[in-house]
Amino acid sequence: MSSFYAAVTDLPVPEAADAAAASALPRLPALERLLARGERAPATPDWRRWTLSIAGLTAPPGDLPLGRLLAGAHGLDLSAPDDTWLAATPVHLVAGLTRVQLDPAGPVVLSAVEAAELATRFATEWGEEPFALHAAGPDLVLRHRGALELATVDPERLAGRDIAAALPTGRDAGRIMRLMTEMQMWLHAAPFGTTRPVNGLWLWAAGRGALEGRPRWPVLDCADPYLRAALACHPGTSDRDARLVRWHVLAVLERGEPFASVDAAWFEPLRRALATGELAGAELHVGAASWCLRPRQRFRIWVRPRPWWEVA
């Protein structure tokens with residue numbers, strides 16, 4: 001029997017908790033049963049760090065070196081160890097009367113051709129020192145000559161939310177925030193994209209420390225470019241008896257499916273697989289906690305399920 005790991009990366013817990021008193025929210029019975037009977041443990045809120053720990057890899061505290069990993073996986077020059085590589089995620093920012101928020105649909109997805117075009121435009125109009133923008137397939141990374149001390153936030157956690165509390169912090173935060181503002185002005189003057197215009201590049205994942213450990217990767221059933229980059233840079237061995245998926249609520253909503261459909265699509269099949277013994281065990285990562293699930297836990301029928309937003 002195999003093991004199963006799932007990161008539920010954008011379950012709208014804060015919004016649901018705020019709205020619970022005012023409106024009837026969709027309940028997720030299968031998820032609630034799993035959470036009620038599983039064993040909860042604290043976990044890092046960063047689902048990628050949690051995934052790396054499953055694969056036997058650790059990273060220094062602070063930002064994960066995702067920008068550097070993505071650059072390395074795409075053959076960019078990493079010979080200067082003090083250079084800082086940041087992920088540069090295209091976003092569409094929406095300005096309101098009192099706040100600026102990220103588009104509720106999340107970051108803008110580019111094609112490889114569009115990413116290369118934007119990087120070329122940056123090189124032509126900005127020069128290459130001390131910053132250089134590079135395409136890494138359909139994704140973008142920004143190199144800064146020299147070390148930067150930053151703490152940043154993954155833009156996928158900000159969909160539909162005010163960005164004010166999520167701006168970079170740390171010794172060099174002011175420099176990066178100025179650059180992000182200047183890039184917004186640059187993209188405003190010459191818009192890029194059509195369906196959802198790119199009017200900003202969100203800079204994050206500025207870690208420089210190396211990953212350590214002897215990796216043993218589960219089968220990655222997700223297309224996250226940063227985990228794929230970590231796998232390419234630290235291949236190790238493969239555990240074919242373990243599978244890891246990322247369950248992405250925004251992707252469901254973008255397909256026009258109702259939020260409640262995630263219960264039938266994700267959690268009910270997982271509940272059945274555990275009940276029938278098809279899976280030896282599973283682990284769910286939600287927010288800042290993980291739930292260890294085992295087949296025998298289905299007999300804990302005295303534990304009453306609670307609304308998922310209260311538990312998560």
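Side chains included, hydrogens not; waters and symmetry mates left out as well; all remaining heavy atoms used.
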Fill in: Considering all heavy atoms, the nearest C233-A73 contact
SG-N, 3.8 Å
Worksheet item: Hey, is the main chain of A206 close enough, under 3.5 Å, to the side chain of D63 for a donor-acceptor pair?
Response: yes
Item to complete: Using a cut-off of 6.0 Å, state whether more than 12 heavy atoms not belonging to E212 lie near its atom CD.
Response: no
Worksheet item: How long is the gap from CG on L227 to CZ on R48, to the nearest 0.5 Å?
Response: 6.5 Å
Discussion item. Using the rule given for side chain to side chain contact (heavy atoms under 4.5 Å, CB included), can you reason through Q297 versus E39, listing the C-alpha separation, both sets of side-chain angles and the distance that settles it, and then say yes or no?
Written reply: CA-CA 9 Å; Q297 292 167 353; E39 295 176 5; 3.7 Å; yes
Worksheet entry | Expected output: side-chain W291 to main-chain A282 donor-acceptor under 3.5 Å | no
Practice prompt. Starting at SG of C222, measure out to OH of Y5 and round the result to the nearest 0.5 Å.
Written response: 14.5 Å
Worksheet entry | L284 and L270, any side-chain heavy atoms less than 4.5 Å apart | yes
Discussion item. Tell me if a side-chain donor or acceptor on R228 pairs with a main-chain N or O of L220 at a distance below 3.5 Å.
Written reply: yes
Worksheet item: Do the side chains of S3 and L279 get nearer than 4.5 Å, heavy atoms only?
Response: no
Worksheet item: CG of L28 to CZ of R33: how many Å apart, nearest 0.5 Å?
Response: 13.0 Å
Practice prompt. Check the pair L69, L211 against side chain to side chain contact (heavy atoms under 4.5 Å, CB included), reporting the backbone distance first and the verdict last.
Written response: CA-CA 9 Å; L69 286 168; L211 302 182; 3.9 Å; yes
Worksheet item: Hey, is the main chain of V311 close enough, under 3.5 Å, to the side chain of R40 for a donor-acceptor pair?
Response: yes
Worksheet item: Between CZ of R271 and CG of D263, what distance do you get to the nearest 0.5 Å?
Response: 10.0 Å
Worksheet item: Transitively linked via ILVMFWY side-chain contacts under 4.5 Å: V94 with I163?
Response: no
Practice prompt. Spell out, yes or no, whether L167 and V153 are grouped together once hydrophobic residues are joined by side-chain heavy atoms under 4.5 Å, including indirect joins.
Written response: yes
Worksheet item: Transitively linked via ILVMFWY side-chain contacts under 4.5 Å: L244 with V219?
Response: no
Discussion item. If you define the side chain from C-beta out and look only at heavy atoms, does anything of L31 sit under 4.5 Å from L35?
Written reply: yes
Worksheet item: Is the backbone of V198 close enough, under 3.5 Å, to the side chain of H92 for a donor and an acceptor to pair up by distance?
Response: no
Practice prompt. Indicate yes or no for a side-chain donor-acceptor contact from N199 to the backbone of Q184 under 3.5 Å, with no hydrogens or angles considered.
Written response: no
Discussion item. Would you compute the distance between atom CG of L231 and atom CG of D224 and round it to the nearest 0.5 angstrom?
Written reply: 11.5 Å
Worksheet entry | Minimal non-hydrogen separation, W50 against A7, with atom names | CZ3-CB, 3.9 Å
Discussion item. Between Y226 and W204, is the ring-ring contact (aromatic ring centres under 6.0 Å, His included) condition met? List the steps.
Written reply: CA-CA 12 Å; Y226 305 103; W204 63 290; 5.2 Å; yes
Discussion item. Are the side chains of H144 and R175 in contact, using a 4.5 Å heavy-atom criterion?
Written reply: yes
Response to the item:
Heavy-atom closest pair (P269 atom, A264 atom, distance to 0.1 Å) is CD-O, 3.2 Å
Discussion item. Apply side chain to side chain contact (heavy atoms under 4.5 Å, CB included) to residues L201 and F122 and explain how you reach the verdict.
Written reply: CA-CA 12 Å; L201 291 177; F122 186 92; 5.5 Å; no
Worksheet item: What are the two closest non-hydrogen atoms of A59 and P65, and how far apart are they?
Response: CB-CD, 4.4 Å
Discussion item. Any heavy-atom pair between the side chains of P107 and T89 that's under 4.5 Å?
Written reply: yes
Response to the item:
Contacts satisfying ring pair (Phe, Tyr, Trp, His ring centres under 6.0 Å) that involve residues 229-256 (not counting sequence neighbours) are F4-W247, W247-W266, W247-F267
Discussion item. Any side-chain to backbone donor/acceptor pair from T84 onto G146? Under 3.5 Å, distance only.
Written reply: yes
Worksheet item: What are the two closest heavy atoms between P90 and L140, and how far apart are they?
Response: CG-CD1, 4.0 Å
Practice prompt. Please tell me if the side chains of M177 and P168 come closer than 4.5 Å, counting only heavy atoms from C-beta onward.
Written response: yes
Discussion item. Can you confirm whether S261 sits close enough to V252 that some side-chain heavy atom of one is under 4.5 Å from a side-chain heavy atom of the other?
Written reply: yes
Worksheet item: Can you name the one residue among L57, T58, L64 that meets side-chain contact (heavy atoms from CB on, under 4.5 Å) with R49?
Response: L64
Practice prompt. Go through the steps to decide whether E268 and R272 satisfy the test salt bridge (charged side-chain N to carboxylate O under 4.0 Å, His left out), and finish with yes or no.
Written response: CA-CA 6 Å; E268 179 57 24; R272 285 200 307 267; 3.6 Å; yes
Worksheet item: Are the charged groups of E32 and R27 less than 4.0 angstrom apart, N to O?
Response: yes
Worksheet item: Who are the side-chain contact (heavy atoms from CB on, under 4.5 Å) partners of D83, not counting sequence neighbours?
Response: R68, A80, W85, R143, R145
Discussion item. Taking the side chain as everything from C-beta on, heavy atoms only, tell me whether L179 gets closer than 4.5 Å to F131.
Written reply: yes
Worksheet item: Would you call the rings of W308 and F259 parallel, tilted or perpendicular if under 30° counts as parallel and over 60° as perpendicular?
Response: tilted
Fill in: Check: W47 ring centroid to H285 ring centroid under 6.0 Å
no
Item to complete: Establish whether V109 and F192 are linked, either directly or via other cluster members, by ILVMFWY side-chain heavy-atom contacts under 4.5 Å.
Response: no
Response to the item:
What one should report as the nearest heavy-atom pair of R157 and R161 is O-NH1, 3.0 Å
Response to the item:
Residue set satisfying salt bridge (Lys or Arg N to Asp or Glu O under 4.0 Å) with D162, at least two apart, ordered chain then number -> none
Worksheet item: Hey, is the main chain of G106 close enough, under 3.5 Å, to the side chain of R196 for a donor-acceptor pair?
Response: yes
Worksheet item: Is a side-chain donor-acceptor pair under 3.5 Å present for D77 with S79?
Response: yes
Worksheet item: Donor-acceptor pair, D10 side chain versus L250 backbone, under 3.5 Å?
Response: yes
Practice prompt. Classify the side-chain pair W126/E182 by whether it contains a donor and acceptor separated by less than 3.5 Å.
Written response: no
Discussion item. Whether the side chain of T152 engages the backbone of A205 through a donor-acceptor N/O pair (distance < 3.5 Å, no angle test) should be reported.
Written reply: yes
Worksheet item: Under the side chain to side chain contact (heavy atoms under 4.5 Å, CB included) criterion, do L86 and L150 qualify, and how do the steps go?
Response: CA-CA 10 Å; L86 301 99; L150 293 171; 3.8 Å; yes
Worksheet item: What distance do T237 atom OG1 and R216 atom CZ have between them, rounded to the nearest 0.5 Å?
Response: 4.5 Å
